[in-house]
2 protein chains.
Amino acid sequence: MKRNTREHILEISLSLFNELGEPRVTTNQIALEADISPGNLYYHFRSKHDIVLELFKRFLAQFQPLLEVPENSSLEAEDLWFQLHLSFELKGRFRFLYRNLTDLAHQVPNLGKAFLGLLRMERKAVRGLIESLERQDKLRITKNEKTLLLNNLMLALTYWISYAELIDADGLANGSVQTNAIAGVLQLVIPYLRPPDRKQFTELVQGYAN
Amino acid sequence: MKRNTREHILEISLSLFNELGEPRVTTNQIALEADISPGNLYYHFRSKHDIVLELFKRFLAQFQPLLEVPENSSLEAEDLWFQLHLSFELKGRFRFLYRNLTDLAHQVPNLGKAFLGLLRMERKAVRGLIESLERQDKLRITKNEKTLLLNNLMLALTYWISYAELIDADGLANGSVQTNAIAGVLQLVIPYLRPPDRKQFTELVQGYAN
DNA sequence: GTCTATATCTAGATAGAC
DNA sequence: GTCTATCTAGATATAGAC
């Protein structure tokens with residue numbers, strides 16, 4: 001049962017963190033919900049920080065593969081949409097990490113640097129996608145515009161879920177948040193696409209945006 | 001000296017909240033920095049929440065006037081730039097409010113609803129600006145695009161400072177954060193502007209983006 | 001208005017029996 | 001591995017003297 005209890009603690013923690021926010025979830029509460037004693041929780045984890053860090057590791061392990069973009073594939077709109085869907089779905093499942101970014105980074109040792117590393121990787125991947133579209137001459141953009149676009153894309157990729165959650169707390173359950181986030185991100189890119197692809201992306205976005 | 005101590009507590013609180021994050025600042029710490037006793041602090045404020053709420057009120061009182069857009073002025077690029085500058089400068093001075101948005105809203109009674117109201121007002125003001133540009137035929141945009149643009153604008157207006165702070169903790173001091181935020185926001189609008197204004201805005205943005 | 005001293009409470013974490 | 005009982009620390013907040 002060793003493995004099982006540990007996993008169970010992680011599951012319960014994740015759902016409580018997401019629901020209530022990590023700072024408002026106590027270890028006693030986790031133990032209570034997990035139907036174990038507080039002492040037992042501390043047998044499996046040395047601290048609450050450890051739980052957070054382990055959850056971050058799990059998130060990272062699932063997120064990193066999504067950032068490995070096949071370099072010279074032809075990148076249709078649907079591919080991008082699908083990639084974004086997977087990515088936002090995952091971020092939604094670990095949304096407590098994104099909600100508190102600055103605070104978590106300051107509170108949990110090592111988490112700050114790890115998260116910064118993640119953001120850098122993601123930025124690099126997004127830049128790769130844009131430049132791949134450029135090479136296929138599907139997208140035209142100046143150097144300065146590209147930097148600004150990258151900033152705005154990263155902002156949307158990082159904070160869309162927190163923002164949506166703030167505006168409409170129920171939207172995460174029915175999936176509308178993810179859909180709107182994807183539409184928002186794609187819309188950022190559309191102005192720089194050349195006409196045929198712009199048309200294709202626009203139709204996709206209009207179909208999904210509510 | 002009554003008024004003075006109260007104001008002093010607010011000043012110290014604001015700077016500590018901004019620097020360290022509200023959850024990591026204790027009332028004892030505030031008292032210590034303010035060179036008063038903890039008891040005295042509680043003579044002036046009934047709780048820590050009260051301090052946060054009072055700071056929010058101050059922020060609101062300064063922010064609301066910025067949202068009152070003169071309806072039919074001709075809205076040059078420089079005007080927008082200036083408006084954004086004031087707005088981001090103010091948000092920077094109260095950035096602790098934006099850093100913890102979800103958590104603060106859950107922790108401090110009444111703050112959540114108040115902040116949502118503020119966001120709604122800001123959205124309305126931004127919509128007003130866009131539609132003013134439309135009426136002057138400086139901007140052309142479809143209904144669907146407008147909704148998506150508004151979302152992305154609100155995201156940038158709400159989270160740019162937190163994001164910048166995360167990436168580069170020192171950027172707030174030298175003002176580069178504010179400048180980049182403005183450039184990012186304006187760049188979101190540029191694709192929908194008609195050529196003469198697009199050119200004007202683009203030059204402005206290129207001049208300021210680093 | 002301001003201080004010192006302290007009450008109260010809660011969260012994280014540990015000890016030791018089973 | 002798991003439990004019960006408990007320690008400790010730190011934070012909010014109050015009491016009462018000056």
Side-chain angles (χ1 to χ4, degrees), chain A residues 1-56 96-97 99-100 103-112, chain B residues 1-56 96-97 99-100 102-111:
Chain A
M1 291 293 163
K2 183 187 173 192
R3 208 81 227 150
N4 232 312
T5 301
R6 193 180 153 86
E7 292 302 314
H8 190 221
I9 292 170
L10 287 171
E11 273 173 42
I12 297 286
S13 299
L14 178 57
S15 85
L16 286 175
F17 288 167
N18 280 337
E19 196 189 342
L20 305 170
E22 180 271 340
R24 275 179 305 291
V25 176
T26 71
T27 48
N28 285 336
Q29 214 177 335
I30 297 171
L32 188 73
E33 287 275 324
D35 265 315
I36 60 170
S37 66
N40 193 5
L41 184 148
Y42 279 91
Y43 171 80
H44 290 282
F45 292 93
R46 282 189 1 220
S47 71
K48 190 183 167 190
H49 289 168
D50 263 29
I51 299 180
V52 172
L53 272 175
E54 181 62 29
L55 286 172
F56 176 72
F96 85 96
L97 289 170
R99 201 153 42 194
N100 283 20
D103 279 345
L104 265 183
H106 279 88
Q107 248 161 52
V108 183
N110 306 322
L111 188 56
Chain B
M1 291 293 164
K2 184 189 173 192
R3 207 84 228 147
N4 232 312
T5 302
R6 193 182 153 85
E7 290 304 312
H8 191 220
I9 292 170
L10 286 172
E11 273 174 43
I12 298 286
S13 298
L14 178 56
S15 86
L16 286 174
F17 288 167
N18 280 337
E19 195 189 342
L20 305 170
E22 180 271 341
R24 275 179 305 290
V25 176
T26 72
T27 48
N28 285 337
Q29 214 177 335
I30 297 172
L32 187 74
E33 287 275 323
D35 266 316
I36 60 169
S37 66
N40 195 4
L41 185 148
Y42 279 92
Y43 171 80
H44 290 281
F45 293 93
R46 284 190 1 222
S47 70
K48 190 182 166 190
H49 289 168
D50 263 28
I51 300 179
V52 173
L53 272 176
E54 181 61 28
L55 286 172
F56 176 71
F96 85 95
L97 288 170
R99 202 153 42 195
N100 281 23
T102 328
D103 279 345
L104 266 183
H106 278 88
Q107 247 160 53
V108 183
N110 307 323
L111 188 56

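We name chains A, B, ... by the order of the sequence lines, and we start the count at 1 in each one.
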As an exercise, state the distance from CD of E19(A) to CZ of F96(A), rounded to the nearest 0.5 Å. 14.0 Å

Nearest-Å distance for atom pair [atom1]/[atom2], residues [X] and [N]:
{"X": "Q29(B)", "N": "dA11(D)", "atom1": "CD", "atom2": "P", "value": "8 Å"}
{"X": "N28(A)", "N": "dA5(D)", "atom1": "CG", "atom2": "P", "value": "14 Å"}
{"X": "F45(B)", "N": "dA11(D)", "atom1": "CZ", "atom2": "C1'", "value": "18 Å"}
{"X": "Y43(A)", "N": "dC18(C)", "atom1": "OH", "atom2": "P", "value": "19 Å"}
{"X": "K48(B)", "N": "dG10(D)", "atom1": "NZ", "atom2": "P", "value": "15 Å"}
{"X": "L16(A)", "N": "dA11(C)", "atom1": "CG", "atom2": "P", "value": "13 Å"}
{"X": "E22(B)", "N": "dA11(D)", "atom1": "CD", "atom2": "C1'", "value": "12 Å"}
{"X": "Q107(B)", "N": "dT12(D)", "atom1": "CD", "atom2": "P", "value": "11 Å"}

Would a 4.5 Å heavy-atom cut-off, applied to side chains only, mark T5(B) and Y43(B) as touching?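 No; the side chains remain at least 4.5 Å from each other.
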
Side-chain heavy-atom pair S47(A), D50(A) within 4.5 angstrom cut-off: yes

Taking 4.0 Å as the cut-off, does a side-chain nitrogen or oxygen of T27(A) come that near to OP1 or OP2 on dG12(C)?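 Indeed, a polar side-chain atom of T27(A) lies that close.
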
Nearest non-hydrogen partners of [X] and [Y], listed with the distance:
{"X": "L41(A)", "Y": "I9(A)", "result": "CA-CD1, 4.0 Å"}
{"X": "V108(A)", "Y": "V52(A)", "result": "CG2-CG1, 4.2 Å"}
{"X": "G21(B)", "Y": "D103(A)", "result": "CA-OD1, 4.3 Å"}

Candidates dT2(D), dG12(C), dT12(D) - which lies nearest the side chain of T26(A):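 From the listed options, dG12(C) comes nearest.
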
So which nucleotide from dT2(D), dT2(C), dA13(D) ends up closest to the side chain of H44(A)?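 In terms of side-chain proximity for H44(A), the closest of dT2(D), dT2(C), dA13(D) is dT2(D).
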
Before accepting this row, confirm whether a basic side-chain N of the pair E22(A)/K48(A) lies closer than 4.0 Å to the acidic partner's carboxylate O. yes

Looking at residues 31-42 of chain A, who's got a heavy atom less than 4.0 Å off DNA chain C? G39(A), Y42(A)

